[in-house]
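Reviewing the structure listed below.
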Amino acid sequence: MYIYADWAATAPMSQTAIHAMEDIMENVYGNPSSLHRIGQKAAEYLLQARMDAAEAIGADFKDIYFTSGGSEADNQALVSAAQFGKIRGKTQIISTTIEHHAILHTLNKLKKEGFEITLVDVEPNGIVDAKKIEDAISEKTALVTVMFANNEIGTIQPIREIGEICKKHQVVFHTDAVQAVGHVPINVKEMNIDMLSLSGHKFRGPKGVGILYANKKVPLTNIIEGGAQERGKRAGTENLAAIVGMVAALKETVTNLEERAQKTAALRDRLIQGLSTIEHSALNGDAKKRLPGNVNFCFEGIEGESLLLLLDHKNIAASSGSACTSGSLDPSHVLLAIGRPHEVAHGSLRLTFTEDLTEEDIDYMIKTTKEVVEYLRGMSPVWDELQKGELKHVI
């Protein structure tokens, strides 16, 4: 038995997506930009994928742009909104302290270009107060970008409320929905979302393909120059097999989404309850306003890397946070933002999964994590000092 509990890093591809890609690679090999019948057949599949993707998130198909993934979509969204704001004298961008690095690094780049970046702190439960977003808006605000759900601690932000605020103030609203799409219901029109980023491999599609939804409010700035693909806004021959595979997975995952989310949330709550019995542990993020399959804990007195290696040895695949920063020795910026001390943030564990797991799987994860934490603490001089009272417990 091997339990894969790292879906937030990447999801295993569904058979639906695999079969869809195989069909394209074998039978629809033309370039969608070619005028001959083989190329036009490919163009028909590309159009259908665009329409299906739009339907899944409540969008107009003409507002769907295929990208290489969530990071590219984030980059293009922020750069486009910033440039559009600049020509209108608006140079402020508002975001939060817990965004993915695809957002934060792009904001740093824009800051060097003269934009004013306002990062709003989240509450200790990992959720931003929409009122604080509104208070930060000024006459110079070009864009508000707030992630739909956090990739590390799973907290779901008040996107609908923020969308209403941005609409009222006539400010462009973008959300990085890479972790949310396929796991929670999303309708861009109902939620007043102007721009949205998603990535195929987070909901059982292939890696290296994603979508930028951008309505007519913001003219897109090209970040890849070349041909006239994607209506002239994203050069490069479309990866039709990956696009069709991604959209097949998207259609599948939004079917019966709420029923599956309820089953997953029940498993999540069982896991949270079990891990909470470990002394000097703490759940990161709100207990309920979080993705149905996300559990993130800190355990005092241990290092997260050792925890992950021992769990893998016991057939549990987990992570300590974002896969994009797994090589970094720095503690998670998300955990620091919600108030976790450096020494505690280093001892974090993220378990992400779907309804495919059983209650027996959850119980095994609880039992095994308890054993590994106890084992690591038994070797830890820091834990020894904590137990002797030479150091003070912080959780």
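We use all heavy atoms of the structure for the numbers below, so side chains are in, but hydrogens, waters and symmetry mates are not.
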Test: Arg270 and Asp363 ion pair at under 4.0 Å: yes

Val181 and Phe148, any side-chain heavy atoms less than 4.5 Å apart: no

Glu230 vs Thr67 side-chain heavy atoms within contact, under 4.5 Å: no

Short side-chain to backbone donor-acceptor contact, Gln229 and Gly236, under 3.5 Å: yes

Beyond-backbone contact of Ile302 with Trp383, side-chain heavy atoms, under 4.5 angstrom: no

Step-by-step side-chain contact (heavy atoms from CB on, under 4.5 Å) determination, Ile57 to Ile64: CA-CA 10 Å; Ile57 61 171; Ile64 298 294; 4.1 Å; yes

Crowding at CD, Glu55 (>12 non-hydrogen neighbours, <6.0 Å): no

Rounded distance (nearest 0.5 Å) linking atom CD of Glu238 with atom CG of Asn31: 7.0 Å

Ionic contact status for Asp60 with Lys189, cut-off 4.0 Å: no

With Ser138, the side-chain hydrogen bond (donor to acceptor under 3.5 Å, both in side chains) member among Glu116, Lys90, Gln92: Gln92

CG (Leu35) with more than 12 external heavy atoms under 6.0 Å: no

Single-linkage hydrophobic cluster Val172~Leu196, side-chain heavy atoms < 4.5 angstrom: no

side-chain contact (heavy atoms from CB on, under 4.5 Å) evaluation trace for Asn315 with Ile3: CA-CA 6 Å; Asn315 296 324; Ile3 299 174; over 6 Å; no

Common cluster, Ile159/Val188, ILVMFWY with side-chain heavy-atom separation under 4.5 Å: yes

Salt bridge Glu72-Arg234, side-chain N to carboxylate O under 4.0 Å: yes

Heavy-atom side-chain proximity of Leu349 to Leu308 below 4.5 angstrom: yes

Donor-acceptor pair, side chain of Glu359 and main chain of Leu267, under 3.5 angstrom: no

salt_bridge(Glu371, Lys367) N-O dist < 4.0 Å: yes

Beyond-backbone contact of Asp176 with Thr145, side-chain heavy atoms, under 4.5 angstrom: no

Glu22, CD atom: more than 12 neighbouring heavy atoms under 6.0 Å: yes

Lys251, NZ: over 12 other non-hydrogen atoms inside 6.0 angstrom: no

N/O donor-acceptor pair under 3.5 Å between Arg88 side chain and Ala142 backbone: no

Pair His36-Lys41, side-chain contact (heavy atoms from CB on, under 4.5 Å): steps then yes or no: CA-CA 9 Å; His36 49 64; Lys41 182 179 180 181; over 6 Å; no

Neighbour count >12 (heavy atoms, 6.0 Å) for atom CD, Gln170: no

Thr155 side chain to Gly126 backbone, donor-acceptor under 3.5 Å: yes

Leu351 and Leu275, any side-chain heavy atoms less than 4.5 Å apart: yes

Plane angle bin for His101 and His105 - parallel if under 30°, tilted between 30 and 60°, otherwise perpendicular: tilted

Single-linkage hydrophobic cluster Leu198~Val218, side-chain heavy atoms < 4.5 angstrom: no

Member of Pro341, Cys298, Ser320 meeting the side-chain contact (heavy atoms from CB on, under 4.5 Å) criterion with Leu335: Cys298

Candidate pair Asp63 and Lys216, rule side-chain contact (heavy atoms from CB on, under 4.5 Å), full reasoning: CA-CA 7 Å; Asp63 296 334; Lys216 308 300 185 298; 2.5 Å; yes

Within-4.5 Å side-chain heavy-atom neighbours: Pro158 and Ile127: yes

Atom pair CD1/OH of Ile316 and Tyr2 - distance to nearest 0.5 Å: 9.0 Å

Expected output: side-chain Thr352 to main-chain Ala8 donor-acceptor under 3.5 Å: yes

salt_bridge(Lys263, Glu259) N-O dist < 4.0 Å: yes

Residue of the set Asn151, Val178, Thr106 for which side-chain contact (heavy atoms from CB on, under 4.5 Å) holds with His100: Asn151

Residue Arg37 excluded, over 12 heavy atoms near CZ under 6.0 Å: no

Check: Met365 main-chain N/O paired with Thr369 side-chain donor or acceptor under 3.5 Å: yes

Co-membership, hydrophobic cluster, residues Met195 and Phe115, 4.5 Å side-chain: yes

Distance, nearest 0.5 Å, that separates OG1 of Thr277 from CD1 of Ile366: 7.5 Å

Short side-chain to backbone donor-acceptor contact, Arg231 and Lys62, under 3.5 Å: yes

Approximate separation, where rounding is to 0.5 Å, of Gln83 CD and Leu143 CG: 12.0 Å

Heavy-atom side-chain contact between Val144 and His174 under 4.5 Å: no

Polar side-chain atom of Asn296 near backbone of Glu152 as donor-acceptor pair, under 3.5 Å: yes

Heavy-atom neighbours of Lys111 NZ exceed 12 at 6.0 Å: no

Connected via hydrophobic side-chain network under 4.5 Å: Val184 and Phe173: yes

His183 side, atom NE2; Lys202 side, atom NZ - distance, nearest 0.5 Å: 9.0 Å

Side chain to side chain donor-acceptor pair (under 3.5 Å) between Asp361 and Thr358, worked out: CA-CA 5 Å; Asp361 293 329; Thr358 64; 3.1 Å; yes

